[in-house]
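Everything numeric here is computed off the predicted structure, so don't read it as measured data. Letters A, B, ... mirror the listed sequences (proteins, then strands); counts begin at 1.
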There are 2 protein chains.
Amino acid sequence: MTQGFRAPAQPATARGFRHPGRVISGAFLTAVLIGTALLSLPLATPGPERAPFLTALFHATSAVCVTGLVTVDTGTYWSGFGQGVILALIQVGGLGIMTLATLVALLLSRRLGLRARLIAQAETKSLSGSDVRRVIGRVVLFSLACEAVAAAVLTTRFALGYDEPLPDALYSGVFHAVSAFNNAGFGLRPDNLMGWVGDPWVSLTIAAAVIIGGLGFPVVFELLRSWRRPRTWTVLTRITVVVTAVLLVVGTVGYLLAEWRNPRTLGPLSAVDSVMAAFVAGTMPRTAGFNNLDISALQPETLFLTDALMFIGGGSAGTAGGIKVTTFGLLAYVLWAELRGDVDVEVGRRRVPPTNQRQALAVALLSIGVIAVATFLMEAMTDFSFEQVLFETISAFSTVGLSTGITPALPPGAQLLVVLLMFVGRIGPLTLASGLALRDRARRYQLPEERTIVG
Amino acid sequence: MTQGFRAPAQPATARGFRHPGRVISGAFLTAVLIGTALLSLPLATPGPERAPFLTALFHATSAVCVTGLVTVDTGTYWSGFGQGVILALIQVGGLGIMTLATLVALLLSRRLGLRARLIAQAETKSLSGSDVRRVIGRVVLFSLACEAVAAAVLTTRFALGYDEPLPDALYSGVFHAVSAFNNAGFGLRPDNLMGWVGDPWVSLTIAAAVIIGGLGFPVVFELLRSWRRPRTWTVLTRITVVVTAVLLVVGTVGYLLAEWRNPRTLGPLSAVDSVMAAFVAGTMPRTAGFNNLDISALQPETLFLTDALMFIGGGSAGTAGGIKVTTFGLLAYVLWAELRGDVDVEVGRRRVPPTNQRQALAVALLSIGVIAVATFLMEAMTDFSFEQVLFETISAFSTVGLSTGITPALPPGAQLLVVLLMFVGRIGPLTLASGLALRDRARRYQLPEERTIVG
Ligand SMILES: [K+]
Ligand SMILES: [K+]
């Protein structure tokens with residue numbers, strides 16, 4: 001499988017990619033540690049005092065894992081240097097996950113039917129150094145191009161619409177564009193995006209960057225090449241597009257219905273602004289984590305809907321977190337096939353093999369398990385309500401970054417738990433899924449078959 | 001498959017059992033409607049006024065579905081006649097679900113390996129009228145025997161330990177024994193079992209009846225015959241025993257750790273009483289619903305643990321609710337096989353086929369979906385906290401009957417939702433699983449295979 005990886009130019013990659021989990025977790029851990037060191041410098045804060053270790057670790061992890069949970073106000077607690085470090089960590093984390101996930105997808109490409117689409121090459125078992133370079137180049141180019149467009153729109157709007165001086169507008173535009181495309185959710189204001197809730201230029205630009213970044217590179221690349229021919233789409237693209245569209249509608253309608261009369265959220269807005277705000281708010285749980293509404297003022301049913309959307313997350317091989325829309329969508333197709341009585345699970349005109357179905361089940365069950373245990377532990381460590389704690393753990397694990405506001409008040413142990421959740425949530429599902437998918441284990445002799453009753 | 005069912009003596013059964021879902025839901029609906037009519041009689045309440053329709057419907061459903069959620073105090077609101085009706089409905093509901101579920105299991109017995117064990121007959125495709133009568137006879141005999149033993153112990157204790165007059169002690173003993181064996185959770189006191197929290201005779205007798213009733217008839221029957229030879233156990237019995245034991249330990253330890261210092265629950269008790277109370281409390285979510293502790297005083301983490309235990313529920317083909325320990329256990333075995341990289345899922349020395357795994361997935365996913373939608377709706381209908389509402393919907397759907405105390409205060413719409421949840425939760429998983437399992441659908445031509453990335 002790794003013939004091409006043995007080229008002398010790529011020895012580290014070659015060795016590592018037989019165990020993608022180690023490469024990915026090693027790379028992210030290194031980035032977190034460097035980020036923690038940089039944010040611990042006196043230079044990173046405006047005053048003479050350094051940030052405490054836990055604060056530096058928390059924000060470095062939050063940035064590298066493009067989560068966006070914060071215990072301090074990004075715009076005032078950190079100096080220009082500190083904010084620059086955070087921005088760089090977001091960019092490194094976002095590019096890193098996109099690149100690594102796309103490479104894993106390529107390794108699986110024989111099974112995914114992606115190779116021809118991604119690197120215009122016949123399906124073979126090898127992945128050469130030039131393939132790797134080409135993928136990295138395309139991911140970087142695509143990311144920077146999207147971010148540049150979003151930054152240009154935002155800068156123009158900040159300069160013309162809010163009379164900000166050009167350097168300030170440019171800085172804020174770039175920061176928000178990078179944060180949005182990488183689904184990081186970091187803002188520069190204490191109220192995040194709430195001040196722009198009625199501004200379509202800012203809100204919709206950020207929402208568009210979030211959605212595109214969250215689709216994942218393989219899907220975006222396939223859409224760019226063949227959006228006119230949906231019949232040719234891979235299973236990956238088909239599920240991602242369908243489920244993303246459904247979840248956007250569910251999120252928008254859910255927020256509209258539940259918050260329409262809430263005086264602290266959509267209540268004061270006009271009908272048009274309400275629809276726009278609900279659309280943007282419904283986009284963010286998947287899994288950007290910007291907030292244009294006050295999360296702590298949401299109705300309980302809206303928080304619960306958001307829990308579900310955050311858990312599902314965004315597209316595979318992108319900057320989004322969660323179990324991924326592909327995992328959720330595949331399980332939905334499996335359920336549908338079971339209820340219809342179909343032996344095979346068919347997506348479009350393709351059959352998804354049982355091993356692939358079982359991977360989706362494993363990712364979903366393990367994620368539920370991690371969130372359940374973390375919620376239990378955090379309930380035991382704090383006095384916050386179940387609602388708040390569950391929201392926080394799902395937000396951290398799915399690298400969303402939305403919060404009911406309890407993050408800064410968490411005791412150190414609970415903050416460390418959040419750090420762990422963000423890290424595991426960022427690299428866990430990808431390494432788990434790729435580890436499961438890369439493995440080929442021979443079937444042993446078969447035992448006699450027997451069933452059990454379920455239900 | 002239904003050769004035997006066509007015997008003239010059993011025409012209704014014959015026709016119905018080709019669609020077990022219709023038989024089961026029809027039978028339960030009839031019982032609920034008769035119960036509602038009886039509880040609506042003036043005779044059912046002590047005073048001259050009748051119970052309102054919604055109250056009668058709610059308690060008839062709660063009794064037939066052996067749930068135990070109540071909006072009024074059973075011991076004072078209903079007359080002796082009313083209490084008798086509730087007791088009869090519990091007995092009918094419990095026997096009904098045990099009998100019907102065991103018959104469904106027998107229909108599947110060729111695949112379950114149960115036939116020889118249950119009716120001492122070679123594996124054939126038919127299920128004759130005499131088989132049906134034999135199963136019903138055994139279920140009734142076994143139920144009444146267990147209830148008689150429990151009633152004897154309880155009556156003796158009530159008479160000797162609490163100086164109750166014999167008729168009162170006998171009535172209370174029988175009521176609690178029937179309620180316990182059928183996992184109904186109805187009590188005669190406003191505080192349910194809380195007054196007996198330190199009484200091992202009462203607490204442990206009820207816990208034992210709950211556990212035995214909740215294992216399910218096929219499992220109990222197999223254990224009675226071959227408890228010395230675990231190697232010969234069916235997959236059903238093996239999973240049920242293992243998972244039940246694990247969940248009892250998790251429940252007991254979880255309650256002990258989380259409530260040890262809580263002054264409103266275990267705090268005031270001695271160490272020995274605390275362990276006993278934690279064991280009994282940890283037994284009840286699977287899915288008896290008696291409470292020996294004040295549920296509204298539990299820590300949030302304990303409520304969450306209880307949510308999980310209630311969702312999982314008890315054994316298949318018994319009086320317990322939930323997705324069943326077999327469903328949960330089978331999914332755990334699937335996850336374990338996936339993480340190990342095994343192609344086959346093996347339980348004991350048997351291989352569980354992929355179709356059976358997919359049924360478990362379908363039951364779990366649909367249950368999650370129903371609970372999620374119901375929680376969202378009930379949040380929108382009421383002002384109770386998310387914690388309380390989630391607990392209530394899981395308790396209703398899994399026919400547990402524990403409550404944080406909000407049931408009587410629910411508005412009529414939410415009470416109707418609870419009625420619906422109890423009914424769907426009682427018959428849903430069984431009819432779904434049997435419907436899925438009874439179906440044999442031919443594989444059509446196969447489409448080309450393609451995978452997607454998950455995670
Ligand atoms: K985020
Ligand atoms: K119950």
Side-chain angles (χ1 to χ4, degrees), chain A residues 105 111-113 234-236 239 258 300-301 304-305 308 316-317 323-324 326-327 330-331 334-335 338-339 341 343-344 346 349-354 356 358-363 365 372 375-376 379-380 385-387 429-430 432-433 436 439 441 443 446-455, chain B residues 105 111-113 234-236 239 258 300-301 304-305 308 316-317 323-324 326-327 330-331 334-335 338-339 341 343-344 346 349-354 356 358-363 365 372 375-376 379-380 385-387 429-430 432-433 436 439 441 443 446-455:
Chain A
R111 295 167 170 176
L112 291 167
T234 55
V235 170
L236 173 67
I239 294 187
E301 57 267 33
F304 182 51
L305 172 68
S316 295
I323 64 167
K324 306 294 182 312
T326 37
T327 307
L330 186 50
L331 289 177
V334 172
L335 178 60
E338 180 66 24
L339 294 180
V343 175
D344 293 329
E346 294 168 7
R349 299 297 293 164
R350 289 289 181 277
R351 180 169 52 89
V352 181
N356 201 188
R358 222 171 70 171
Q359 289 153 18
L361 176 63
V363 169
L365 287 182
T375 302
F376 185 83
E379 267 302 351
S385 78
F386 175 65
E387 186 170 53
L430 172 64
L432 176 67
L436 297 179
R439 188 181 48 202
R441 188 135 166 181
R443 185 189 284 262
Q446 281 197 301
L447 293 169
E449 182 174 301
E450 186 183 311
R451 288 158 181 263
T452 177
I453 322 174
V454 296
Chain B
R111 295 165 171 178
L112 291 166
T234 54
V235 169
L236 173 67
I239 294 187
E301 56 267 33
F304 182 50
L305 172 69
S316 293
I323 64 167
K324 305 296 182 310
T326 37
T327 307
L330 185 50
L331 289 177
V334 172
L335 178 60
E338 179 65 25
L339 294 180
V343 176
D344 292 331
E346 294 167 9
R349 300 295 295 162
R350 288 289 182 278
R351 181 170 53 88
V352 181
N356 201 187
R358 222 171 71 171
Q359 288 154 17
L361 176 64
V363 169
L365 287 182
T375 303
F376 184 84
E379 267 303 351
S385 77
F386 174 64
E387 187 171 53
L430 172 64
L432 177 66
L436 297 179
R439 186 181 49 202
R441 187 133 166 183
R443 186 191 285 263
Q446 280 197 302
L447 291 171
E449 181 174 301
E450 185 183 312
R451 287 158 180 264
T452 178
I453 322 174
V454 295

Looking only at non-hydrogen atoms, find the nearest pair between [X] and [Y] and report the distance.
X      : Y      : result
A/L331 : B/L365 : O-CD1, 3.9 Å
B/A380 : A/E301 : CA-OE2, 3.5 Å
A/F386 : B/E387 : CB-OE2, 3.3 Å

Checklist entry - Is there a donor-acceptor contact under 3.5 Å from the side chain of B/R358 to the main chain of A/P354? => result no
Checklist entry - Does any heavy atom of chain B fall under 4.5 Å from the side chain of A/A372, the backbone, both, or neither of them? => result both
Item to check | Nearest-0.5 Å distance that lies between atom OG1 in B/T375 and atom CZ in A/F304 | outcome: 4.5 Å
Checklist entry - Can you tell me how far CD of B/Q359 sits from CD of A/E338, rounded to the nearest 0.5 angstrom? => result 5.5 Å
Checklist entry - Is the closest side-chain heavy-atom distance between B/L361 and A/L335 below 4.5 Å? => result no
